[in-house]
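Counting starts at 1 for both ligands and their atoms, following the listed order.
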Amino acid sequence: MDDQQQNHNLANKFLGDLMSLDRQYLTLFNYYHDIEMELLACQSIHHIAQLLLEVVPQRFELLGASLHLVDRETENIELLMAEEEEGSVIAGLYVYRTDESFKPLYQGDFKAQIITADEDALSTDTLLLPLLRGKQLIGSLQYSVAPGVVTLSEASEQLLNHLSAVIAASLDNCINQQYLAHLSVIDVLTKVRNRRGFEIDLLREVGRACRSGDCLSCLFIDIDFFKMINDSYGHCVGDMALQQVVDRIQSQLRQSDLLARYGGEEFAVLLPSCGMSDALEIAERIRQTVSNRLIDVPDTIPFKISVSVGVATCHIHETQDSGFQRMGQWLVHSADNALYQAKSNGRNKVCSTRVLQA
Ligand SMILES: Nc1nc2c(ncn2[C@@H]2O[C@H](COP(=O)(O)OP(=O)(O)OP(=O)(O)O)[C@@H](O)[C@H]2O)c(=O)[nH]1
């Protein structure tokens, strides 16, 4: 083979290698691009965690995955995740108050990097992806891979850093959106659901009850002569009394029961899978718990407070979605009527209407 032929072969091989590298890079780029598109489409922290901890490891045959997030006071990630409908536990998701447990791994260099097995006496290498908001570490995504399988070229490091930024931005976006949605259904003073939250819960619970054939009960609870408390002790004391009444009501409910502030000094409770006799018992317990103890607020002589409670129950099979709203209205209307009766009967009473059954 003469020199010219040899040069020609070398040039061809070089070109072939370059094209193969280019194809590999393109394939890699497409993988990242797909993940980024999926991240941007995520609507909740839960979806993001599922994508990163379940879908990605499966797609790339990774040995393990964990996502570590910092839940500083304002973000309430745990609270928001608990509120998510699909709220099942995702393996590998950890939420902390501070970044202490994962920050040291980066040794001050918040970039995509690999901790090799021998460096850390582990059986796998760990790919670390920092999640940053500006310069603040808000989380860390960690993938376990077989030793030596992943090496970071300049190009893949750049892609991974870009991916980390997209993950952090998507997370931030979901947290903000979910937090705003959360605020829109919460009463600022008492921290229970507001009227809007109640309407959402009502429709969902009526639907659930109709489909399962379970009973659903509703309590309407109104503080007696609350205007007098405001007039006698002032609005601030009135506010504290409202908070204490909420605590007392809540102390008599199960975790699955739903308490909301319906308006001013009126509260509504939904009791899923609860028939009339149990609902009456709970209502009576609430009435007693509120009136048995004085309201004690700083710089004010403790004073008595009482509530009147109206109870309504429906037990119905209805499969048509259009019927849910009507059923919800009936339940609220009936509980409100019963409350009116309790007020008319002298207050500090529990009254009920008949059970709607079909
Ligand atoms: N402190 C305080 N008062 C509130 C709040 N929301 C509503 N109120 C007051 O609740 C009082 C309700 O008065 P009324 O509707 O006359 O009812 P009531 O005095 O409880 O009398 P009955 O319900 O008939 O027993 C009003 O004085 C409202 O100003 C609140 O967020 N904080």
Side-chain angles (χ1 to χ4, degrees), residues 76 79 83 179-202 217-253 257-271 279-313 328-353:
N76 298 318
L79 171 92
E83 276 179 3
Y179 195 59
L180 277 181
H182 163 80
L183 286 182
S184 73
V185 291
I186 292 295
D187 172 53
V188 188
L189 178 68
T190 57
K191 307 283 184 281
V192 295
R193 307 274 280 173
N194 60 19
R195 169 91 174 251
R196 188 160 176 270
F198 176 76
E199 302 292 351
I200 295 169
D201 291 345
L202 177 66
S217 291
C218 177
L219 311 181
F220 259 51
I221 305 169
D222 189 278
I223 302 178
D224 299 325
F225 304 118
F226 194 63
K227 187 173 180 318
M228 253 165 52
I229 292 169
N230 271 334
D231 292 347
S232 315
Y233 305 102
H235 213 264
C236 266
V237 172
D239 282 355
M240 286 188 257
L242 279 169
Q243 289 166 331
Q244 290 191 24
V245 168
V246 163
D247 287 346
R248 290 179 196 187
I249 297 173
Q250 202 109 56
S251 72
Q252 299 306 313
L253 300 176
D257 299 335
L258 299 150
L259 169 62
R261 185 173 178 195
Y262 197 76
E265 20 67 270
E266 188 168 25
F267 299 90
V269 183
L270 288 172
L271 303 167
L280 277 170
E281 206 176 292
I282 295 166
E284 181 54 27
R285 274 202 331 250
I286 289 173
R287 186 195 69 73
Q288 286 182 21
T289 309
V290 172
S291 63
N292 281 353
R293 261 179 40 225
L294 299 175
I295 295 285
D296 201 358
V297 299
D299 306 322
T300 308
I301 300 165
F303 55 88
K304 262 187 102 67
I305 203 163
S306 70
V307 288
S308 300
V309 189
V311 184
T313 298
Q329 282 165 356
W330 179 90
L331 201 61
V332 165
H333 189 65
S334 302
D336 201 27
N337 275 347
L339 170 64
Y340 181 77
Q341 212 179 310
K343 289 272 180 190
S344 310
N345 288 358
R347 295 176 173 79
N348 196 13
K349 297 257 177 342
V350 172
C351 283
S352 63
T353 54

For ligand 1, which atoms have a heavy atom of [X] less than 4.0 angstrom away?
X      : value
Arg347 : 22 (P), 24 (O), 25 (O)
Asp224 : 20 (O), 25 (O)
Arg261 : 5 (C), 6 (N), 30 (C), 31 (O)
Gly238 : 1 (N)
Phe225 : 18 (P), 19 (O), 20 (O), 21 (O), 22 (P), 25 (O)

Please determine whether the number of non-hydrogen atoms from other residues, nucleotides or ligands lying under 6.0 Å from atom [atom1] of [X] exceeds 12.
X      : atom1 : answer
Asp299 : CG    : no
Tyr340 : OH    : no
Arg293 : CZ    : no
Leu180 : CG    : yes

To which protein heavy atom is [atom] closest, and what is the distance rounded to 0.1 Å?
atom                    : answer
atom 22 (P) of ligand 1 : Lys343 NZ, 3.4 Å
atom 7 (C) of ligand 1  : Gly264 CA, 3.5 Å
atom 13 (O) of ligand 1 : Lys227 CB, 3.7 Å
atom 9 (C) of ligand 1  : Asn230 ND2, 3.3 Å
atom 17 (O) of ligand 1 : Glu265 OE2, 3.6 Å
atom 20 (O) of ligand 1 : Phe226 N, 2.7 Å

Distance-only donor-acceptor hits, side chain of residues 231-242, under 3.5 Å, sequence neighbours excluded:
from, atom 1, to, atom 2, distance (Å)
Asp231, OD2, Lys227, NZ, 2.9
Ser232, OG, Met228, O, 2.5

Is there a side-chain contact between Asp222 and Glu265 in this structure, where contact means two heavy atoms from C-beta onward sitting under 4.5 Å apart?
yes

So do Ile223 and Phe267 actually touch side chain to side chain, heavy atoms under 4.5 Å?
yes

Is the side chain of Glu266 donor-acceptor paired with the backbone N or O of Phe220 at a distance under 3.5 Å, no angle test?
no

Determine whether the side chain, the backbone, both or neither of Asp239 has a heavy atom under 4.0 Å from any heavy atom of ligand 1.
both

For ligand 1, indicate whether the residue Asp222 contacts it via side chain, backbone, both or neither (heavy-atom separation under 4.0 Å).
side chain

Quick one: list whatever passes salt bridge (Lys or Arg N to Asp or Glu O under 4.0 Å) with Arg195, sequence neighbours left out.
Glu199

Taking distance alone, with no angle check, do Leu189 and ligand 1 share an N/O pair under 3.5 Å?
no

